[in-house]
Protein chains: 2
Amino acid sequence: MAAARENMSYRDIKQVVVDRIQNRIWAPDSLLPSETELAEEFSSTRTTVNRALRELAEEGYLERKRKAGTRVLNAPVRKAQFSIPLVRDEIAETGASYRYSLVEQTLLAAPDWLAARLELTQGRQVLHIRCMHYADNAPFQYEVRWIIPESIPEVLEADFTQSGPNDWLVQKVPFTNLEISFMATKADQAIAEFLDAPAGDPVFTAERITWLRGAPVTLAKLYFAPGYRMTTHI
Amino acid sequence: MAAARENMSYRDIKQVVVDRIQNRIWAPDSLLPSETELAEEFSSTRTTVNRALRELAEEGYLERKRKAGTRVLNAPVRKAQFSIPLVRDEIAETGASYRYSLVEQTLLAAPDWLAARLELTQGRQVLHIRCMHYADNAPFQYEVRWIIPESIPEVLEADFTQSGPNDWLVQKVPFTNLEISFMATKADQAIAEFLDAPAGDPVFTAERITWLRGAPVTLAKLYFAPGYRMTTHI
DNA sequence: TATTCAGTTAAGTGTAGACATAAATGTTTA
DNA sequence: TAAACATTTATGTCTACACTTAACTGAATA
């Protein structure tokens, strides 16, 4: 019944293991045979089995502990992966044409909520930018962004009339940390106007905060046009 | 300047490479030295360097092609990972107490939109369930679910008065495929009532479709209480 | 009885070397 | 000139083995 053919690659072994898990041959919470035993069964080596099991653990199928052994996770808490593309790429992928438009750019004192959120001392100057991203001339995303010039002084000389702050930032800032939240917000007057939707309508919203070596660089609120869905497959 | 100490683990090598990328020593789009050269520089072996670079490629820092070499990706399209926990676990993690309540359970013919979405032939029987998840007795999530008994006959005998269909399904069904979407929807009368929010308010919504070996098993719509945010760090 | 400690075991990691494979480049041939 | 073929080379993968480290087990001790 068991495979047992020669020269199995770590990929083949992964497949067999997944099959056995899915067919309850190895039930949730149960212990797998040791790497050495599996290597023998598959007429492979421990190194190869190790790679297979290690990757399956990363993918959320297994839990591994030294000495304790390898265990099948009962809750398939498999991890959904979303890649976080630039808007321009996201739009380009659908085949639509991308257009950018700057709405407003001002330098002002950080509002209290922003200072609190980014743990800034009060009254710091921040660059405030609002802009729009269009797909085939239909509103796609309304972006409201704050950038901390203290963390990246060149931003004060940057030109955001032709392309968005995101494009500029990924070129300039090798960010080290990132927090992303997704939520549903209610369209206020400005959002409604720019996204061409009725005020009060639900808007899918992403909020990104980026740090560079511990110092906050930018906070962006991204409001997506009505009908937007963020989808992933596993 | 360069590290060059002995006995670097693949972890150390990863760190050095990331540092160099972030300090623009290896600029975006540029080619890294070959594995062999790096192995020499770090007085390590190609196998170890390989593991470091392979993992960094998985994490989205590098792009690797045979013969072409290893290249620094310019857009740090790093991947956000969300784990998809059971509601009960999600609530338990905040320290709140979890309570479940069944709202409705009926067997009916699949509505057209559902049949279309799951690629069912028309008029199929489906089990329709609506239920609530509470955290500390406050509404947390309103769940609307359809299950295809054809794919999992035992579901007709299952008892959903004490615990939710999700709990039952993860025990029974080793799902093989999963599609998750997130969106913002407008609270209709039922949603508003159950989540204790004004009708018309924006509601963060997840939609999960699960397949077992190609056959659709269940579709769930999960409506989160106002204020919910899905957050992740990178 | 409870605690500490040593032994054992399974996974984690590193080294060395071989062969496989894909892609870029150079060379020959139609 | 262009297509077909061969060569080169960097990554991909596998094997075999050694050593490290975490965690369980059970025996010795307080």
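Chain letters run A, B, ... following the sequence lines, proteins first and then strands; every chain starts at 1.
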* Asked: Please give, in whole Å, the distance from D:dT9 P to B:Arg64 CZ?
  -> 18 Å

* Asked: B:Ser44 near the nucleic acid: base, sugar-phosphate alone, or nothing, with a heavy-atom cut-off under 4.0 Å?
  -> sugar-phosphate

* **Atom-to-atom span, CD of A:Glu63 to P of C:dA10 - whole angstrom** => 17 Å

* Asked: Which residues in residues 46-56 of chain A have at least one heavy atom lying under 4.0 Å from any atom of DNA chain C?
  -> A:Arg46, A:Asn50

* When the distance from CG of A:Leu62 to P of C:dA10 is rounded to whole Å, what number comes out? -> 17 Å

* ring-ring contact (aromatic ring centres under 6.0 Å, His included) partners of A:Tyr142, counting only residues at least two apart -> A:Phe194, A:Tyr223

* Rounded distance (Å) that lies between atom P of C:dT15 and atom CD of B:Glu35 -> 14 Å

* List for me each residue that meets ring-ring contact (aromatic ring centres under 6.0 Å, His included) alongside B:Tyr10, sequence neighbours excluded, and say none if there are none. => none

* Within less than 4.0 Å of OP1 or OP2 of D:dA10, is there a side-chain N or O belonging to B:Ser34? -> no

* Asked: Taking only residues two or more places apart in sequence or in another chain, which ones pass ring-ring contact (aromatic ring centres under 6.0 Å, His included) with B:Phe160?
  -> B:Trp168

* Structure fact -> Between CD of B:Glu58 and P of D:dG12 the distance, given in whole Å, is 11 Å

* Given D:dC14, is OP1 or OP2 found less than 4.0 Å from the side-chain N or O atoms of A:Ser9? -> yes

* Structure fact -> Quick note, side chain to side chain donor-acceptor pair (under 3.5 Å) partners involving residues 152-161 of chain A, not counting sequence neighbours, are A:Asp159-A:Thr161

* Would you say D:dT11 has OP1 or OP2 under 4.0 Å from some side-chain N or O of B:Thr70? -> yes

Are any protein N/O atoms closer than 3.5 Å to N/O atoms in nucleotides 21-28 of chain C? If there are, list each pair with its distance.
{"from": "C:dT21", "atom 1": "O2", "to": "B:Arg66", "atom 2": "NE", "distance (Å)": "3.2"}

* Asked: Side chain of A:Ser151, backbone of A:Pro216: donor and acceptor closer than 3.5 Å?
  -> yes

* Could you give the CD-to-C1' distance, from B:Glu40 to C:dA16, as a whole number of Å? -> 15 Å

* Do we see a donor-acceptor contact under 3.5 Å between the side chains of A:Arg64 and A:Thr70? -> yes

* Could you verify whether a donor N or O on one side chain and an acceptor N or O on the other, from B:His133 and B:Tyr98, lie under 3.5 Å apart? => yes

* To do: If the plane angle is over 60° it's perpendicular, under 30° parallel, otherwise tilted; pick one for A:Phe140 and A:Phe224.
  => perpendicular

